[in-house]
Amino acid sequence: MKAVPRTPMRVVPKTPRVHQTVEKHRRDTSDKARDPVNVFCRVRPLQSDADLTSLRVKNSTTIALNPQDQLLQHHKPHNGAQREVQYIFKHVFQPDATQQDVYAAVAQPLVENLLKGRNSLLFTYGVTGSGKTYTMTGNLRHRGIMPRCLDVLFRTISDYQAKKFVFKPDKLNGFEILSEEDALLERQHEMNQRFAGSGRFAFRHKDSDPEIASQASVEPIPLLGLDEDNMYSVFVTYIEIYNNSVYDLLEDSGIQKTLQSKIIREDANRHMFVHGVTEVEVKTVEEALEVFQMGQKRKRMGHTVLNAESSRSHSVFNIRLVQAPTDSQGENVVQDRQNITVSQLSLVDLAGSERSSRTKNTGVRLREAGNINNSLMTLRTCLEYLRENQLAASNGLAPKKVPYRDSKITHMFKNYFDGEGQVSMIVCINPRIEDYDENMQVMKFAEMTQEVQIARATPMKQDLGLTPGRRKANKLFKIAVNNLNELGIPEAKDLEVDVGLVYSLGPDFPAYEMDSPEAQIKIRELMHYLEQRIEKRKKLRANLDIKCDSFRQMLMNLDRDNLQLRTELASLKAVYKQERDRSAALEKKVRIHESSIDVLNNTLSKQERQIEELTFKLNEKENMLTQKEHEKEKQKKKFSSKLAVESDKNKREFELKLREQRVKLQERMRIKDEKLRLVSNILQSEDLPSLPRSQSSENILNDRDRAPYTTRTEESSVPATRPDIYATPRHGAAAANNRHRRSRSAGDKWLEHRAANPVPLGTIMQPYLKNRKSVTKLTDLKELTSHGTTKYCLVSQDADTDGDVETKLYKGNVIPTCGGGAQVVFNDVECLKQKSPVHSPTRKRPSNGNISALGGGAVPSTVTSAQDVASRCNLGIEGHSSKKSKI
């Protein structure tokens with residue numbers, strides 16, 4: 001495989017001038033002031049009260065670590081010797097320390113450096129499960145360092161952000177400035193990709209991630225010291241180092257695709273960067289957290305015995321702040337990339353060191369743990385070499401070569417350890433006694449790290465000679481001009497503001513040593529510096545003369561205008577006095593009219609309230625009258641219905657009685673005629689025949705009287721003349737024994753005769769007939785005579801006078817006759833009826849008009865009901881139809 005050059009600077013052979021530059025850089029670095037690495041310690045709370053702790057926080061800077069054998073004993077060792085080991089840090093955060101406390105002490109100074117153009121590095125170090133990721137990113141309830149840094153940064157630069165795509169990465173760790181037209185085209189391209197749903201600009205749902213802290217915390221206060229004459233943009237990158245390979249977590253590819261490893265290169269300023277990394281420009285905290293979530297989904301996590309969600313790689317989240325000065329008007333960025341200042345804050349979440357004997361890792365997990373431990377060991381080795389080189393430099397010895405390239409994590413942050421920014425570290429400790437050995441190694445590493453001195457970076461900002469505060473001044477000037485235009489002053493259009501040059505010859509003379517070997521070079525640089533100051537002085541003097549002339553002319557114009565304005569002011573004062581007197585008189589009249597208007601308004605209000613009250617009473621009266629009319633109509637309908645029902649009822653009863661009387665009279669006349677015929681036959685006959693045992697006239701009359709209770713299958717009408725009534729038996733009905741009794745041991749068998757489509761009764765008490773047979777038509781004699789039928793029940797349903805359904809059950813005994821048939825003797829009538837508790841007089845009553853029409857006149861309901869029963873059970877009396885011959 002062909003080797004890839006690590007940095008572009010090593011492709012071209014170096015010239016002696018480059019060696020001189022490197023040596024100069026080393027000497028400058030050695031001459032700079034140095035600061036130690038800031039090491040903080042955070043103790044994680046115990047997960048259970050039953051756990052034993054192996055350390056003790058003595059004060060805000062000191063921790064005492066106790067050995068295991070001493071912790072397991074309940075008394076101190078003899079001879080009074082203290083075996084605990086003490087470690088001192090810049091600050092120690094106790095278990096009850098909040099995320100805000102950690103941010104304020106550790107990360108807030110780094111954000112301030114970021115705004116001032118300085119680079120900073122913060123990484124968390126500790127064993128697995130000690131709270132490194134919690135400290136860096138937080139959880140759903142408590143925000144970590146990364147979200148708080150973003151929040152404070154965007155709140156500080158919120159009013160000074162440049163438009164999107166004004167600054168564009170050049171893929172070589174630098175930035176270029178686009179014109180307004182090019183930036184507009186880039187924004188249009190991004191919008192098209194959003195609508196097309198492709199690329200990283202596609203619309204995404206902002207779902208909450210447990211790794212991202214909640215927004216419910218207190219809003220941070222913006223930082224001070226921001227240069228208001230600059231424009232700012234924020235870019236973020238998110239990478240991970242897995243198995244000593246660098247991967248871009250924001251790479252524009254699907255989540256399921258395998259990420260391609262990246263290489264670390266050196267830019268033109270000898271700064272290390274990841275070649276081809278994706279830099280995303282963000283404008284809000286929400287947008288930055290969304291980008292972080294997208295990368296978090298690709299981060300490699302794993303499950304181990306010691307930690308359910310263990311990071312299997314080192315993650316690096318870079319926040320890059322790009323700032324550039326504005327032009328003389330404070331509106332647009334100066335189109336010169338040499339004036340761009342790029343500062344970077346790197347937040348590194350190192351994976352925890354592990355022991356395979358405790359994690360029980362095998363296979364891939366064991367390989368991951370080995371690479372993690374190797375990279376951490378390389379970091380420790382580099383820091384140890386840096387400390388030894390510092391001691392060797394003080395003793396005049398040759399320095400050792402620091403093995404930065406042995407690991408990607410140290411190679412990437414080589415510039416920070418060489419003096420390109422401030423370095424801070426948070427050591428996370430799990431105080432359980434089981435982690436004593438690991439904590440001991442972490443403490444030794446932290447103690448050694450604090451002894452490393454880092455050169456202090458002093459960023460140089462370009463001085464363009466522009467007026468400080470020009471952006472704010474131009475903004476205030478525009479607001480004033482707009483206010484004058486709204487007031488209608490035409491001179492506002494001609495006003496101009498001059499915030500161009502600052503009358504300063506530049507910074508002080510730099511310090512030079514004339515006895516150095518490079519004295520000639522220094523002299524030439526000093527001459528060039530003096531020539532620039534002389535040229536700038538000439539420009540400033542010419543500009544001052546022009547401004548003095550314009551100021552003198554402006555003073556003369558103002559004096560002339562002042563004289564004219566005084567004359568106008570005197571005349572205006574007289575007019576003003578007259579208008580003021582006139583205005584006072586008008587105000588007096590207005591007050592009088594307003595008082596009269598108030599009186600009229602009060603009177604009008606009273607009249608309106610009275611009208612409303614009367615209207616309300618009138619409506620109540622109308623409602624009462626309407627209700628009474630409804631009740632009156634209701635009562636009228638009710639009584640009319642009752643009157644019609646009672647009249648109809650009386651009429652039916654009268655007709656029934658009249659019919660009964662006619663029938664009785666006709667029967668009596670017939671009986672009398674029969675008696676007369678009998679007497680005539682007796683007188684005319686010579687011999688007296690023997691009288692058969694038949695029904696006498698009294699029995700016949702009694703049978704007629706029992707007609708409502710005993711119904712026969714056919715209507716028998718006695719002829720007017722029957723001379724043989726004593727000679728032959730009467731054939732009107734078959735002979736039967738009314739006292740016939742069947743054996744009760746066999747049980748009663750019912751024959752239920754009902755309509756084809758009966759109306760449901762709907763009553764709780766239902767008719768119960770044990771051992772029954774139901775028929776709808778009785779056309780066959782065998783229905784009565786066969787199967788041992790002993791009981792007969794006829795179900796009749798009619799409407800009563802109120803229109804409700806009334807069900808009647810006519811019950812009788814089936815008695816065999818001498819002709820082989822059977823007759824039914826009715827002995828019981830049951831009535832089932834439903835009645836509503838609320839009487840409704842408006843309900844229509846069923847009419848018997850059809851029945852009356854068929855009979856040729858009004859027939860009483862009782863008679864029609866009886867006739868209907870007789871017609872429907874004409875087979876139940878004799879067991880055969882009247883159309884058939886009698887048996």
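Just so you know, these numbers come straight off a predicted model, no measurement behind them.
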Exercise: do [X] and [Y] side chains pair donor with acceptor under 3.5 Å:
{"X": "Ser130", "Y": "Asn430", "result": "no"}
{"X": "Tyr416", "Y": "Ser346", "result": "yes"}
{"X": "Arg320", "Y": "Asn119", "result": "no"}
{"X": "Thr135", "Y": "Arg42", "result": "yes"}
{"X": "Gln296", "Y": "Tyr238", "result": "yes"}

Do you know which two heavy atoms are closest between [X] and [Y], and how far apart they sit?
{"X": "Ser313", "Y": "Lys299", "result": "OG-CG, 4.3 Å"}
{"X": "Ser424", "Y": "Leu110", "result": "OG-CD2, 4.1 Å"}
{"X": "Pro431", "Y": "Leu46", "result": "CG-CD2, 3.6 Å"}
{"X": "Leu114", "Y": "Leu345", "result": "CD1-N, 3.7 Å"}
{"X": "Gly421", "Y": "Ile454", "result": "O-CG2, 3.6 Å"}
{"X": "His411", "Y": "Met272", "result": "NE2-CE, 3.1 Å"}

Taking the side chain as everything from C-beta on, heavy atoms only, tell me whether [X] gets closer than 4.5 Å to [Y].
{"X": "Asn38", "Y": "Gln422", "result": "yes"}
{"X": "Val166", "Y": "Met231", "result": "no"}
{"X": "Leu178", "Y": "Phe167", "result": "no"}
{"X": "Asn439", "Y": "Ser54", "result": "yes"}
{"X": "Phe273", "Y": "Gln344", "result": "no"}
{"X": "Thr449", "Y": "Met425", "result": "yes"}
{"X": "Ile263", "Y": "Val246", "result": "no"}
{"X": "Asp229", "Y": "Pro325", "result": "no"}

Requested in this report: Could you give me the CA-CA distance, side-chain angles and deciding distance for Gln323 and Tyr160, then say whether side-chain hydrogen bond (donor to acceptor under 3.5 Å, both in side chains) is met?
Outcome: CA-CA 10 Å; Gln323 52 182 312; Tyr160 306 99; over 6 Å; no
Report task. Could you check Phe445 against Leu376 for side-chain contact (heavy atoms from CB on, under 4.5 Å), going step by step and ending with a plain yes or no? Result -> CA-CA 10 Å; Phe445 173 72; Leu376 296 177; over 6 Å; no
Query raised in the report: Given the rule in the side-chain contact (heavy atoms from CB on, under 4.5 Å) test, do Val316 and Phe413 qualify, once you have shown the distances and angles that lead to the verdict?
Result: CA-CA 11 Å; Val316 182; Phe413 299 113; 3.6 Å; yes
Give the ring-plane orientation class for [X] versus [Y], where under 30° counts as parallel, over 60° as perpendicular and anything between as tilted.
{"X": "Phe417", "Y": "Tyr404", "answer": "parallel"}
{"X": "Phe292", "Y": "Phe317", "answer": "perpendicular"}
{"X": "His142", "Y": "Tyr134", "answer": "perpendicular"}

Are any side-chain N or O atoms of [X] and backbone N or O atoms of [Y], one a donor and one an acceptor, separated by less than 3.5 Å?
{"X": "Asn244", "Y": "Ser407", "answer": "no"}
{"X": "Thr156", "Y": "Leu223", "answer": "yes"}
{"X": "Arg298", "Y": "Leu249", "answer": "yes"}
{"X": "Asn173", "Y": "Asp267", "answer": "no"}
{"X": "Asp248", "Y": "Thr278", "answer": "yes"}
{"X": "Arg44", "Y": "Gly129", "answer": "yes"}
{"X": "Asn192", "Y": "Gln188", "answer": "yes"}
{"X": "His314", "Y": "Ala351", "answer": "yes"}

Is any side-chain N of the basic residue among [X] and [Y] closer than 4.0 Å to the acidic one's carboxylate O?
{"X": "Arg337", "Y": "Asp170", "value": "yes"}
{"X": "Glu287", "Y": "Lys164", "value": "yes"}
{"X": "Arg143", "Y": "Asp151", "value": "yes"}
{"X": "Glu180", "Y": "Arg187", "value": "yes"}
{"X": "Glu420", "Y": "Lys414", "value": "no"}
{"X": "Arg387", "Y": "Glu451", "value": "yes"}
{"X": "Lys171", "Y": "Glu279", "value": "no"}
{"X": "Glu186", "Y": "Lys168", "value": "yes"}

Report task. Taking atom CD1 of Ile88 as the centre, report whether more than 12 heavy atoms of other residues, nucleotides or ligands fall under 6.0 Å from it. Result -> no
Query raised in the report: With a cut-off of 6.0 Å (strictly less than), are more than 12 heavy atoms of other residues, nucleotides or ligands near CD of Gln260?
Result: no
Requested in this report: Identify, with sequence neighbours excluded, every residue that meets ring pair (Phe, Tyr, Trp, His ring centres under 6.0 Å) alongside Tyr385.
Outcome: none
Could you state the interatomic distance from [atom1] ([X]) to [atom2] ([Y]), rounded to the nearest 0.5 Å?
{"X": "Asn230", "Y": "Asn339", "atom1": "CG", "atom2": "CG", "answer": "9.5 Å"}
{"X": "Leu347", "Y": "Thr124", "atom1": "CG", "atom2": "OG1", "answer": "9.5 Å"}
{"X": "Met377", "Y": "Thr410", "atom1": "CE", "atom2": "OG1", "answer": "13.0 Å"}
{"X": "Asn243", "Y": "Ser261", "atom1": "CG", "atom2": "OG", "answer": "11.5 Å"}
{"X": "Leu321", "Y": "Arg118", "atom1": "CG", "atom2": "CZ", "answer": "14.0 Å"}
{"X": "Leu379", "Y": "Tyr125", "atom1": "CG", "atom2": "OH", "answer": "7.0 Å"}

Query raised in the report: Is there a side-chain contact (heavy atoms from CB on, under 4.5 Å) between Tyr232 and Thr341 once you walk through the steps?
Result: CA-CA 10 Å; Tyr232 301 86; Thr341 302; over 6 Å; no
Report task. Can you tell me which residue pairs pass the salt bridge (Lys or Arg N to Asp or Glu O under 4.0 Å) test with a partner in residues 89-100, sequence neighbours excluded? Result ->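 Output for this query is empty, none listed.
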Requested in this report: Start with the C-alpha gap between Met294 and Leu250, add the side-chain angles, then the distance that decides, and say whether side-chain contact (heavy atoms from CB on, under 4.5 Å) holds.
Outcome: CA-CA 7 Å; Met294 184 176 66; Leu250 303 181; 3.9 Å; yes
Query raised in the report: With a 6.0 Å cut-off on ring centres, are His91 and Phe89 close enough?
Result: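 Distance test on ring centres: not under 6.0 Å, no.
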Query raised in the report: Applying the side-chain contact (heavy atoms from CB on, under 4.5 Å) test to Leu122, which of Val348, Ile145, Val423 qualifies?
Result: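 Of Val348, Ile145, Val423, side-chain contact (heavy atoms from CB on, under 4.5 Å) with Leu122 is met by Ile145 alone.
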Requested in this report: Quick one: do Gln100 and Arg148 satisfy side-chain hydrogen bond (donor to acceptor under 3.5 Å, both in side chains)? Show the steps, please.
Outcome: CA-CA 8 Å; Gln100 176 62 26; Arg148 292 177 185 270; 2.7 Å; yes
